[in-house]
Amino acid sequence: MENNTEKAEFTHSTPPSRDRETFYIYNTLTRKKEQFIPLHAPNVGMYVCGPTVYGDPHLGHARPAITFDILFRYLKHLGYKVRYVRNITDVGHLENDADEGEDKIAKKARLEQLEPMEIVQYYTLRYHKAMELLNVLPPSIEPHASGHIMEQIDFVQKILDAGYAYESEGSVYFDVEKYNKNHHYGKLSGRNINELLETTRELDGQSEKHRSVDFALWKKASPEHIMRWKSPWSMGFPGWHLECSAMGTKYLGEEFDIHGGGMDLMFPHHECEIAQNQAGLGKNSVKYWMHNNMITIGGQKMGKSLGNFITLEQFFTGNHPLLTKAFSPMTIRFFILQAHYRSTVDFSSEALEASEKGLERLMEGYVRLQKLSAGEKSSIEISDLRKKCEDTMNDDLNTPIVISHLFDNLRVINLIHDGKETISKSDLEELQSVFKLYLEDILGLQSEIQDSTNNEAFYKAIDLLLNIRLEAKKKKDWATSDKIRNELTALGFEIKDTKDGFEWKAP
RNA sequence: GGUACUUUGGCCGAGUGGCUAGGCGCCGGUCUGCAAAACCGUUUACGGCGGUUCGAAUCCGCCAAGUACCUCCA
């Protein structure tokens, strides 16, 4: 299903006429919308924090995946050659305090008596499956933290060599206080760490860490800790901020264009990453930091810690107390795209049902658009649609407005379909082209009409039944006509009478 | 406590100084044997108080309510 896009990547040697100079994105670092200018056009490097694979993917995972999928698609549309790296975190996230920390993956493994990598494999596949259903394009590279231990050890060494880290009983910690003397630790999240340093000075007597704000770059493994690697300092595992520094650098270089992730990662994760890169490489590695906002439920963040999350599978099956029904992956995608990525979006079954109906209407209009016939001339104006959509995307990926433009033109499509307006051949082609571009290629919405009933005899049989009904109707034999309709409806078919015939949809 | 942010019509959700966002729902209509579906149309809101301005949802101040981060989280 993503073949078109794959091919497009290799056939865009001639950049489209799109006005790249007007693409603006919001940079968390400067808190402003900034014009997007790549470091090495036409190449663009983007890195996005992926999932920690120790649980089923939930609605919260869908948001950054979809947000940055849109960015990935739009950058490609603008003619850039994009390398999109999204990592899989399969080691290193500490469960509690650093001191009694335990690797999340390892903990789950012991509980379930499985090999850690078995867990990783299982949830990675589940994540991939969900992303595919959501029509999220696979990133260019999807590196695993566990596959980049060497790179992370090297990175720790660089920071040690630069004097911004210290070793303590087999573990290595980042010296935040020292770093903050020369750089600003907290510049991304707008924090002034000095006060924190003052207030925590006395609490650190018995800890290996000099300051509570210091964070682990390498952690010595306790005996029961089963995920462990050899390093110059101890048998242990890398600190949980390090993988992004190491893998981002490895695949995108010491400086690259875009780094994305959820807003909740801004502090401390991304802050630490900035510090690590500055300390280890002497560079401010990332030009544009982008953060998607959270999905809330009843006004509260949906998250693992609050236990109020709904897994994607539960959405797809409807198997959750808060869900009135199952919702398709495209509905979830559309729901997310109907809000701007920097706003919170409040989940409710009611809101999802509204999205579902809107999407269905839009997609049916899209099908209708393909079948529209052109007239002599246009009685409507569609020439500015492409520009309107483009301007809107250029304004920090404002997908809800793009969708509103499509809905405006859905009305036009229906009016033409009803014969109340006309459209010229060239205008029709333009309309079809813009809808394909934005609906399919950029927003990534696809029709969900199942091909499972892809059986000619089946279609003909239903048509036959409905033709019999049509004849009955002509004879005003309402009993037969209603019997056919009612029984097909009971089987889950949708029967629609039209002016001179019928339309139907399989269950 | 510190730091950000949010508050828009029945619901969701755009919108940073003046021109109807959009979706869903409701209501009205077209179509129809009936129904459903579909389609068309309608629905004028911006937490409170004060200020700036010819003009504010949009800028400023105060107040109120709520959320997020500061600990793992997308």
Would you tabulate the pairs of protein nitrogen or oxygen atoms and nucleotide nitrogen or oxygen atoms of nucleotides 41-45 of chain B closer than 3.5 angstrom?
{"unit_1": "B:G41", "atom_1": "OP1", "unit_2": "A:R411", "atom_2": "NH1", "d": "3.0"}

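- When Watson-Crick and G-U wobble pairs are counted only if both distances are under 3.5 Å, B:C31 pairs with no nucleotide at all.
- Below the 3.5 angstrom threshold, one finds a donor paired with an acceptor across the side chain of A:R485 and the base of B:A35.
- An aromatic stack links A:W478 and the base of B:G33, using centre distance under 5.5 Å and interplanar angle under 30°.
- Comparing B:G29 with B:U7, their P atoms are spaced 38 Å from each other, to the whole Å.
- Between the side chain of A:R333 and the backbone N or O of A:G444, at least one donor-acceptor pair lies under 3.5 Å.
- Residue A:H270 contributes atom NE2, which lies 16 Å from atom P of B:U71 at whole-angstrom precision.
- Ring pair A:H241/A:F215 is perpendicular by interplanar angle, where above 60° counts as perpendicular and below 30° as parallel.
- With a 4.5 Å cut-off on side-chain heavy atoms, A:L188 and A:E273 do not count as touching.
- Under a cutoff of 6.0 Å and an axis angle of 45°, A:R191 and A:F267 form a cation-pi pair.
- At least one donor-acceptor pair under 3.5 Å links the side chain of A:S349 to the backbone N or O of A:T324.
- For B:A36, there is no paired nucleotide, since no Watson-Crick or G-U wobble pair has both relevant distances below 3.5 Å.
- OP1 or OP2 of B:A38 has not a single side-chain nitrogen or oxygen of A:N414 nearer than 4.0 Å.
- Contact of A:K420 with B:C39 (side chain to base): no donor-acceptor pair of N or O atoms is detected under 3.5 Å.
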*asked:* The test is side-chain hydrogen bond (donor to acceptor under 3.5 Å, both in side chains); show your working for A:Y366 and A:E440 and say whether it passes.
replied: CA-CA 10 Å; A:Y366 183 48; A:E440 277 190 46; 2.5 Å; yes
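- At a threshold of 4.0 angstrom between heavy atoms, the contacts of A:V345 are confined to the sugar-phosphate backbone, with no base atom among them.
- Between B:A57 and B:G17, the distance separating the two P atoms is 13 Å to the nearest Å.
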